[in-house]
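Notes follow the structure.
Just so it is clear: chains get the letters A, B, ... in the order the sequence lines come, proteins before strands, and each one is counted from 1.
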There are 4 protein chains.
Amino acid sequence: MEASIALFEQNGFSETSIQDIVDALGVTKGTFYYYFKSKEELLMDIHLGYIEGLLEKQKKIIDDPAKSIKEKVLDIVYMLIHNIEKQGRQARIFFREMKHLNEEHLRKIVEKRDLFRYELQSLIEKGIKSGEFREDLHPSIATLTVLGAANWSYQWFRPDGELSDFEVAKQMVAILLEGMEKKQSINN
Amino acid sequence: MEASIALFEQNGFSETSIQDIVDALGVTKGTFYYYFKSKEELLMDIHLGYIEGLLEKQKKIIDDPAKSIKEKVLDIVYMLIHNIEKQGRQARIFFREMKHLNEEHLRKIVEKRDLFRYELQSLIEKGIKSGEFREDLHPSIATLTVLGAANWSYQWFRPDGELSDFEVAKQMVAILLEGMEKKQSINN
Amino acid sequence: MEASIALFEQNGFSETSIQDIVDALGVTKGTFYYYFKSKEELLMDIHLGYIEGLLEKQKKIIDDPAKSIKEKVLDIVYMLIHNIEKQGRQARIFFREMKHLNEEHLRKIVEKRDLFRYELQSLIEKGIKSGEFREDLHPSIATLTVLGAANWSYQWFRPDGELSDFEVAKQMVAILLEGMEKKQSINN
Amino acid sequence: MEASIALFEQNGFSETSIQDIVDALGVTKGTFYYYFKSKEELLMDIHLGYIEGLLEKQKKIIDDPAKSIKEKVLDIVYMLIHNIEKQGRQARIFFREMKHLNEEHLRKIVEKRDLFRYELQSLIEKGIKSGEFREDLHPSIATLTVLGAANWSYQWFRPDGELSDFEVAKQMVAILLEGMEKKQSINN
DNA sequence: GATGAATGAGCTTTCATTCAT
DNA sequence: GATGAATGAAAGCTCATTCAT
């Protein structure tokens with residue numbers, strides 16, 4: 001799986017042959033099929049590992065009773081960006097290669113992906129009710145804006161860049177929560 | 001090109017054969033190679049058409065002397081989302097299939113894509129200088145946050161949804177400019 | 001098709017690879033798939049050619065108004081055996097490799113094979129009614145006995161043997177019609 | 001062997017993998033190779049079991065001093081058909097999969113199969129000499145006609161059909177001995 | 001401008017067999 | 001007696017590309 005993740009990320013699922021994978025490991029194609037029923041099944045395993053990891057981490061954040069909703073949103077954004085440092089390759093495979101899953105597998109993955117989204121959305125809805133977020137916020141668009149900003153980072157965030165994952169997350173959340181506009185000073 | 005865009009978007013570049021394309025048109029493979037040097041060249045044509053269209057529209061917005069910077073950012077976000085209504089398929093191909101370009105073509109496209117980003121970033125930098133945006137804004141992260149939010153919509157925005165492209169863009173820009181937080185009333 | 005018939009007959013369908021077929025012709029595998037959708041489709045074409053040829057010949061014999069029923073039975077047996085001289089390889093493929101057809105194709109072929117049997121059976125039934133055949137004959141078993149005797153010959157009849165196909169057919173029909181028993185002389 | 005007979009008969013020798021066989025038994029492939037040297041050897045064992053059983057039963061019938069030759073022919077036909085009730089699957093494997101034996105094994109099996117035929121042929125020859133059968137009978141063709149009629153039944157005879165194996169054999173032998181023709185009454 | 005025949009390299013997958021444990 | 005991991009050869013099939021016509 002590790003070897004295939006590196007190859008799928010770099011060259012794409014369709015462009016990576018079983019031969020490429022087993023060559024990277026110094027084994028033969030037969031060995032691959034001893035461990036995986038098909039190339040698609042391997043892809044499914046990668047997808048499952050990724051999304052279930054995310055769901056688990058999201059759940060821990062949401063269930064934390066000590067944090068405010070804003071803090072939880074920050075934590076989720078940070079978690080997504082931090083995850084790219086650790087599992088950026090899986091993330092890129094997840095978004096790019098999902099269409100190569102078969103119908104049944106795709107259904108399962110989309111279900112979990114949607115669950116992640118709904119959990120975030122219901123957090124934002126709570127924030128609106130509790131007064132932490134503006135009442136005129138459209139919960140689903142707010143959710144997708146946050147997710148877009150964070151997920152897009154898998155396209156550009158490199159852990160070796162100028163800013164750390166935490167600083168990127170802080171900046172991004174600052175924009176999302178407080179906005180880019182210069183605040184009007186109360187005294188003016 | 002039209003036929004291939006529909007097929008590439010639906011099934012992916014690698015999964016679409018030349019045969020599929022010519023079948024959709026009722027011609028034969030020989031004919032394809034009379035008009036295109038290779039499958040990759042066709043993909044390049046699609047990429048070029050998409051990114052050059054975006055750059056042109058972006059330029060028109062930025063060069064408009066009648067608008068504030070904030071308005072220009074709104075316009076660019078709206079333009080990106082609106083584009084999905086018109087050219088969603090090209091957008092999805094652009095982001096998903098870029099890696100199938102050859103080295104030289106890829107370089108050219110990445111150059112133009114980066115140009116688009118730099119133009120937005122320099123708009124935001126101007127906004128910071130002019131006092132329209134907060135001084136503590138990290139221009140590159142702000143740029144990528146805006147682009148992430150807008151570009152991500154190609155994954156979920158459907159023109160037949162509840163909200164129009166303009167309403168989605170307005171909501172999204174409201175979040176990006178004013179933030180999700182409830183503003184403190186001046187009297188409190 | 002000709003090349004594949006020779007190979008399927010000699011080595012069996014599963015044991016003959018596409019490579020074997022195209023090697024025999026001095027072309028490449030791609031060429032094979034330009035003309036046939038799959039290996040199974042080629043097998044179907046062989047089956048269809050064989051059974052439809054038989055049905056056509058059977059029809060001509062049955063529709064001949066100048067012949068008695070006994071003569072028609074002889075003609076059908078002779079036709080089957082004669083066919084082995086001309087198309088013995090197809091015959092052997094027909095009986096041996098039918099199970100490699102896919103469900104839909106198998107259904108079509110079995111239908112036609114059964115039609116051939118029913119036509120013979122209805123001929124025998126007419127013979128019983130007309131008094132040419134014994135009344136205590138069980139039509140379906142008689143049919144299968146005749147078909148068994150004739151069809152089995154594809155397992156052993158070789159056109160270069162001692163007897164010609166016509167002589168074999170005559171002998172076989174003599175047994176089937178008159179029996180192997182020594183007839184009791186009228187005077188005894 | 002039992003498990004493999006069921007699988008070979010249903011799906012064919014080439015189409016049945018060792019994995020299929022050991023799966024049916026809940027053991028592993030290594031175990032198979034502890035008991036059989038190769039897949040082909042297993043096939044040979046099945047062939048040997050079948051043909052030696054037939055030869056033994058044939059010998060008992062032929063050696064019976066209490067029976068006429070005609071009765072012996074009936075008995076052999078009955079034995080063949082009866083065998084299908086008991087060992088139909090082996091029979092079908094025997095006729096269909098023989099070509100998968102290796103050269104040496106094939107030679108041995110063909111020898112025994114031919115022995116069975118010669119024994120029947122020599123019985124018929126005796127019947128001709130003794131006056132039980134017509135003198136103009138061609139012994140080898142008569143033999144193959146009888147064998148064809150009987151063996152073919154493995155293609156269609158189902159023990160749950162309308163007639164029992166004994167009734168089918170009686171009908172078939174009636175045809176083979178007395179013929180299908182209506183006998184001319186002595187008084188006419 | 002367009003066709004149709006052909007190629008060749010590559011693909012995923014299967015499977016009988018081996019063998020150290 | 002039995003297992004499980006591995007192999008290697010081959011299978012059916014796909015497909016971008018070429019090119020004479």
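- The shortest distance between the side-chain N/O atoms of B:Tyr34 and the OP1/OP2 oxygens of E:dG1 is not below 4.0 Å.
- If you measure from atom CG of B:Leu42 to atom C1' of F:dT17, you get 15 Å, rounded to the nearest angstrom.
- Closest to the C:Tyr33 side chain, of the nucleotides F:dT17, F:dC13, F:dA11, is F:dC13.
- A straight line from CG of D:Asn11 to C1' of E:dT14 spans 15 Å, rounded to a whole angstrom.
- Nearer the 5' end of DNA chain E, as judged by each residue's closest nucleotide, is the contact made by C:Gly26, out of D:Asp20 and C:Gly26.
- Distance, B:Asp23 CG to E:dT3 C1': 14 Å, rounded to whole Å.
- Between the P atom of F:dT14 and the NZ atom of B:Lys39 lies a distance of 15 Å, rounded to the nearest Å.
- The nearest pair of heavy atoms linking A:Phe13 to A:Lys39 is O-NZ, 2.9 Å.
- Set against E:dT13, F:dA6, F:dT17, the side chain of D:Lys29 has F:dA6 as its closest nucleotide.
- Taking each heavy atom of A:Lys108 and A:Met44 in turn, the nearest pair found is CB-CE, 4.1 Å.
- Both C:Gln19 and A:Val27 sit near DNA chain F, but only A:Val27 has its closest nucleotide nearer the 5' end.
- Within the nucleic acid shown, A:Thr16 comes within 4.0 Å of sugar-phosphate atoms alone, with no base atom in reach, counting heavy atoms only.
- One atom, NZ of B:Lys37, and another, P of F:dC19, lie 15 Å apart when rounded to the nearest Å.
- At most 12 heavy atoms of other shown residues, nucleotides or ligands fall within 6.0 angstrom of atom CD in A:Gln10.
- Among D:Ile21, D:Val22, D:Ile18, the single residue meeting the side chain to side chain contact (heavy atoms under 4.5 Å, CB included) criterion with D:Ser4 is D:Ile21.
- Rounded to whole Å, the distance from CZ on D:Phe32 to P on F:dG1 is 17 Å.
- Separation of the P atoms belonging to F:dT21 and E:dG1 is 23 Å when rounded to the nearest angstrom.
- Here the C1' atom of nucleotide E:dA16 and the CD atom of C:Glu15 are 14 Å apart, to the nearest Å.
- Atom pair D:Phe36:CZ and F:dA2:C1' shows a separation of 15 Å (rounding to whole Å applied).
- Take the nearest nucleotide of DNA chain F for C:Ser38 and for A:Thr31: the residue whose nucleotide is more 5' is A:Thr31.
- Both distances falling under 3.5 Å, in either a Watson-Crick or a G-U wobble arrangement, place F:dA20 opposite E:dT3.
- In this structure, of F:dA16, E:dA16, F:dG12, it is F:dG12 that holds the atom nearest to the side chain of C:Ile18.
- Candidate nucleotides E:dA6, F:dT3, E:dA2 were compared by shortest atom distance to the side chain of B:Thr28, and E:dA2 ranks first.
- In this structure, A:Tyr35 reaches the sugar-phosphate backbone alone: every heavy-atom distance under 4.0 Å involves primed, P, OP1 or OP2 atoms, never a base.
- In the set F:dG12, F:dT17, E:dC11, E:dC11 carries the atom at the smallest distance from any side-chain atom of A:Ser17.
- Taking the six-membered ring for Trp and thresholds of 30 and 60 degrees, C:Phe94 and C:His47 have ring planes inclined between 30 and 60 degrees apart.
- Without hydrogens or angle criteria, A:Ser14 side chain to B:Ser14 main chain gives no donor-acceptor distance under 3.5 Å.
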